[in-house]
Amino acid sequence: MALFDICGINSRSNFKTTENDELDGVLTSLNTIVNPCQLALPPLGCPSNTYSKNPVDEHGREMKINYDHGTTTLGFKYQGGIVLAVDSRATGGQYIGSGSVKKIIEINDFLLGTMAGGAADCTYWERVLSKQCRLYELRNKERISVAAASKLLVNMVYNYKGMGLSMGVMIAGWDKKGPGLYYVDNDGTRTPGQVFSVGSGSLYAYGVLDSGYKHDLTDEEAYELGRRAIYHATYRDASSGGIIRVYHIKSTGWVKISEQDCTELHYQYEEAERTSK
Amino acid sequence: MFGQVILNDDLPGAKQHHWSPYTDNGGTIVAVAGEDFAIIASDTRLIQGYSILSREQTKLFKLSEQTVLGVSGCWCDVLTFTRTLEARMKMYLHEHLKPMSTQAVAQLVSTMLYHKRFFPYYVSNIVAGLDQDGKGTLYSYDPVGHCEKNRYRAGGAAGAMLQPLLDNQVGLKNMKGELLPNITKEKALMVIKDSFISAAERDTSTGDGVIINIITKAGIEVMHFPLRKD
């Protein structure tokens with residue numbers, strides 16, 4: 001309006017109509033299409049002191065916002081490639097939110113990511129990683145290396161360091177240099193390695209894994225080692241359980257090996273022990 | 001910290017007042033997906049603390065002819081979330097000249113929830129509908145967008161109480177060696193009605209009435225039946 005222009009008042013900032021307010025809300029949520037790394041920050045100073053840390057209701061009672069957490073995953077390199085084994089339980093507080101979560105995320109035909117920690121965090125950022133890997137392939141006409149893929153993920157997550165993301169992820173794949181296995185977490189840690197186990201049940205899995213691990217395992221022995229290690233973790237850790245899934249990464253890509261309920265495995269092992277005695 | 005009053009003197013009877021953007025308005029959603037149908041139901045009670053705000057507030061939102069969203073939790077977040085979601089769906093319709101499929105809606109809900117990762121919507125979501133082949137599908141979410149495809153799910157205030165009942169009656173988890181047959185529409189309706197009747201007995205925020213949406217190729221049928229009003 002002419003009067004506002006003469007006075008120098010910015011009509012949008014001082015006389016916002018309700019229509020604009022609603023549209024703003026929709027437009028900010030669209031930012032994720034343009035840039036999936038741009039999440040909404042709460043309208044306060046320091047995001048690490050936000051309401052989401054210890055939310056309270058109007059009487060001051062603490063409200064539990066329970067996010068799904070995933071647990072016990074493992075991966076190791078051996079002469080035949082890489083074996084990844086995971087459980088499938090997701091707990092939201094003490095409640096078992098689900099017994100059939102897919103904790104191995106297929107980034108592309110040659111790359112797999114595992115999920116441990118916050119389920120939503122892992123699935124969202126690994127999905128963004130798949131998008132970045134595909135863009136890399138289109139721009140460079142060759143497949144992305146495991147080192148580069150894990151670096152992309154860790155750089156995205158480092159922007160949110162200290163703000164409460166919870167992710168303990170393994171990026172595994174086969175590239176020009178052969179099999180690659182990296183551990184990436186929400187603090188910005190990124191380490192290559194031969195054997196990793198992540199999650200609340202990882203201690204139990206390491207016990208079985210380390211005692212049975214050799215570089216020269218055959219394929220069947222490797223699958224059984226991964227399966228057994230997860231089974232023992234589900235036996236002792238309350239937050240692990242459900243279906244035990246085993247994947248194998250070879251030079252031709254990844255393959256799903258088996259998917260068994262851990263109670264079924266329990267009776268199988270018991271039966272095998274009884275017959276062998 | 002924002003929202004806290006800091007008292008310098010130790011006055012007797014002085015209380016700190018808390019302000020919080022969140023509140024729990026209760027509500028339960030139950031959904032079952034079958035071979036060629038999907039059923040989603042919610043109770044109709046809206047509470048705040050020990051008061052009842054409404055006895056006829058449905059928590060089901062029709063997104064398209066094939067998809068229904070059930071949301072409960074903090075009612076202000078429910079309203080904003082559904083409004084923003086409907087706007088996004090309209091934009092998709094105008095851009096692509098076709099309505100969003102159930103699978104696309106499921107992924108959109110997950111992304112929209114994660115967008116507010118650092119100040120979450122305090123809501124419990126279930127998306128029910130028919131996929132491109134006419135099969136019933138169901139997606140359930142945690143408050144920050146972790147999505148999971150299910151055959152049956154109970155969410156909201158009495159969700160933890162009803163999920164074991166559904167595991168038993170729909171998932172047949174108690175029966176060893178039983179192959180999971182596809183549940184019929186009549187059995188699914190019976191189980192859903194029974195679960196709400198039981199929830200109303202034991203959960204204060206559930207009651208007053210149930211609205212059921214049955215999604216089939218022929219459209220969305222709406223049923224209503226009453227529950228205990230106490």
Side-chain angles (χ1 to χ4, degrees), chain A residues 22-23 25-33 36 38-45 47-63 65-70 90 92-102 115 118-125 127 160 163-165 263, chain B residues 1-4 15-25 48-50 73-74 80-81 83-88 90-91 107-108 110-124 140-151 153 155 159-161 163-164 167 171 173 176:
Chain A
E22 275 192 39
L23 202 58
V26 175
L27 286 177
T28 51
S29 80
L30 277 181
N31 286 341
T32 41
I33 299 179
Q38 198 168 29
L39 301 182
L41 290 179
L44 311 163
S48 47
N49 294 336
T50 65
Y51 296 115
S52 53
K53 268 250 170 115
N54 288 313
V56 286
D57 66 13
E58 66 270 25
H59 302 291
R61 276 189 299 248
E62 215 187 275
M63 266 183 8
I65 296 188
N66 285 318
Y67 312 133
D68 290 344
H69 272 78
Q94 291 299 100
Y95 180 63
I96 296 176
S98 169
S100 55
V101 177
K102 289 212 169 136
M115 178 204 294
D121 294 331
C122 294
T123 37
Y124 184 84
W125 290 112
R127 198 155 184 268
Y160 296 96
M163 284 163 65
L165 285 185
T263 27
Chain B
M1 213 216 110
F2 192 84
Q4 275 183 346
K15 265 204 282 208
Q16 262 196 341
H17 286 274
H18 298 265
W19 178 81
S20 161
Y22 293 120
T23 176
D24 186 1
N25 295 110
Q48 183 159 4
Y50 291 120
C74 175
T80 307
F81 181 68
R83 223 172 274 159
T84 320
L85 181 62
E86 275 163 9
R88 289 288 294 268
K90 219 178 269 186
M91 288 161 79
Q107 184 58 54
L108 176 62
S110 177
T111 316
M112 279 178 61
L113 287 170
Y114 196 81
H115 186 247
K116 296 264 285 158
R117 168 67 174 77
F118 299 113
F119 187 14
Y121 289 117
Y122 182 52
V123 291
S124 150
S140 59
Y141 299 86
D142 79 337
V144 276
H146 172 230
C147 175
E148 229 216 309
K149 194 156 186 247
N150 296 118
R151 299 267 308 265
R153 186 73 180 177
M161 209 184 285
Q163 187 67 29
D167 281 332
K173 292 279 163 92
K176 258 192 93 82

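Below, chain A is the first sequence line, B the second, and so on; all start at residue 1. These numbers come from the heavy atoms of this one structure, side chains and all, not from hydrogens, waters or symmetry mates.
- Interatomic distance, NE2 of B/H115 versus OH of A/Y124, reported as 7.0 Å (0.5 Å rounding).
- A donor-acceptor pair under 3.5 Å is formed between the side chain of B/R117 and the backbone N or O of A/G164.
- Nearest approach of A/A120 to B/D142, heavy atoms of both residues: CB-OD1, 4.2 Å.
- Ring geometry for A/Y160 versus B/F118: interplanar angle under 30°, hence parallel rather than tilted (30 to 60°).
- Looking only at side-chain heavy atoms (C-beta outward), A/V101 and B/H146 come within less than 4.5 Å of each other.
- Annotation: side chain of B/E148 is not in contact with side chain of A/K102 (no heavy-atom distance under 4.5 Å).
- The CZ atom of B/R153 sits 6.5 Å away from the OG atom of A/S98 when rounded to the nearest 0.5 Å.
- In this structure, no portion of B/E86 lies under 4.5 Å from any heavy atom of chain A.
- Side-chain contact between A/T123 and B/Y114 is absent, with no heavy-atom pair separated by less than 4.5 Å.
- For a residue to count as touching a neighbouring chain, one of its non-hydrogen atoms must lie under 4.5 Å from one of that chain's; by this rule A/L165 touches chain B with backbone and side chain alike.
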